[in-house]
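Only one structure is covered here, and it is reproduced in the block below.
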Amino acid sequence: MLSDKIDGTVMDSAGSNLRGIANFAVGYNNIDLQAAKHRGIQVGNTPGVLTNATADIAVGLILAAGRCFGPAIANVQRFEWRNWEPLMFLGQEFEGKTLGIVGMGRIGHAVAKRMHGGWGMRIVYTARDPKPEAESSFQAIRLELDELLAQSDVVSLHCPLTDQTRNLIGARELGLMKPKAVLVNTARGEVVDQTALADALSQRRIFAAGLDVTTPEPIDRTDRLRSESNCLILPHIGSATEDARNQMAMMAANNLVAAMDGKLMPFGVTK
Ligand code: DGY
């Protein structure tokens, strides 16, 4: 599972027969690839099959955080709904606004496709290399991160967790965002500095955040983000559809079978 940290010590404790590690996830930041490579152990993941499921959750979080679903649902559940009020739970609209995709991989592309096609959003993105398909399909414009943060009405994070992306969004970056902006994270919790995010949300320096991932998972009982009304948190359910999880399970199983047969994993991340 993505929650299992698999380092060299774990690999060694598994014994010398260990041939393969099949992650039940597309992200594999929980596995020490160098340690695996060093020991001749294959590592596999489950790319592609959870793209749509995770993109749907990102879109859901954009709408839910931007339209105050969290406090609005709590209002009904606490029996506090008295009247229709002109200024109750005012949120943001997205039609024609700018969506910043941080990491235009498969999932980032799928979110851009949905929000450009459905809401006519202008797409800007960061990526190590230009993405010609995104540029031709939705006229996406590649920017440096600072410029993307300054221009975007919604910022959606889709980069893998690496040494370069850990705490990518901290106090300085949140300070560059628009006061009405919505931040969505369906990537990994560690990409965002949660203390800085709690400060920005409580001081209303950004409008809202929608998180499917946190640090740690589950989030600490005492984490301030849990009590910010403009922070909507889901328990890492990005890939939680029957279709995606069935396909992930098959891919992980096929990776293991291949490794046990001494073959290359069909979905290997180490070569
Ligand atoms: C993954 O597979 O990396 C996702 O985070 C699971 O939801």
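Residues: numbered from 1 along the sequence shown. Every heavy atom of this structure was used, including side-chain atoms; hydrogens, water molecules and symmetry mates were not. Order of appearance sets the numbers: ligands from 1, and atoms from 1 within every ligand.
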Any N/O of [X] closer than 3.5 Å to an N/O of ligand 1?
X      : answer
Arg188 : yes
Gly27  : yes
Ala25  : no
His236 : yes

* Exercise: do Asp153 and Gln92 side chains pair donor with acceptor under 3.5 Å -> no
* Side-chain donor-acceptor contact under 3.5 Å, Asn185 with Asp212 ->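 No, because no side-chain N or O of Asn185 sits under 3.5 Å from a partner of the opposite role on Asp212.
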* Within the side chain of Asn255, is there an N or O that forms a donor-acceptor pair under 3.5 Å with the backbone of Phe267? -> yes
* Asked: Closest non-hydrogen protein atom to atom 6 (C) of ligand 1, residue and atom name please, with distance?
  -> Ser239 OG, 3.4 Å
* Structure fact -> protein heavy-atom neighbour closest to atom 1 (C) of ligand 1 works out as Val26 N, 3.5 Å
* Proximal ligand 1 atoms for Leu50, defined as those under 4.0 Å from one of its heavy atoms ->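 Checking each atom against Leu50, I get 2 (O).
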* Asked: Which bit of Thr186 gets closer than 4.0 Å to ligand 1, counting heavy atoms only: side chain, backbone, both or neither?
  ->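 Answer for Thr186: neither.
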Is it true that [X] and [Y] make a salt bridge, defined as a side-chain N closer than 4.0 Å to a carboxylate O?
X      : Y      : result
Arg114 : Asp56  : yes
Arg205 : Asp199 : no
Lys5   : Asp32  : no

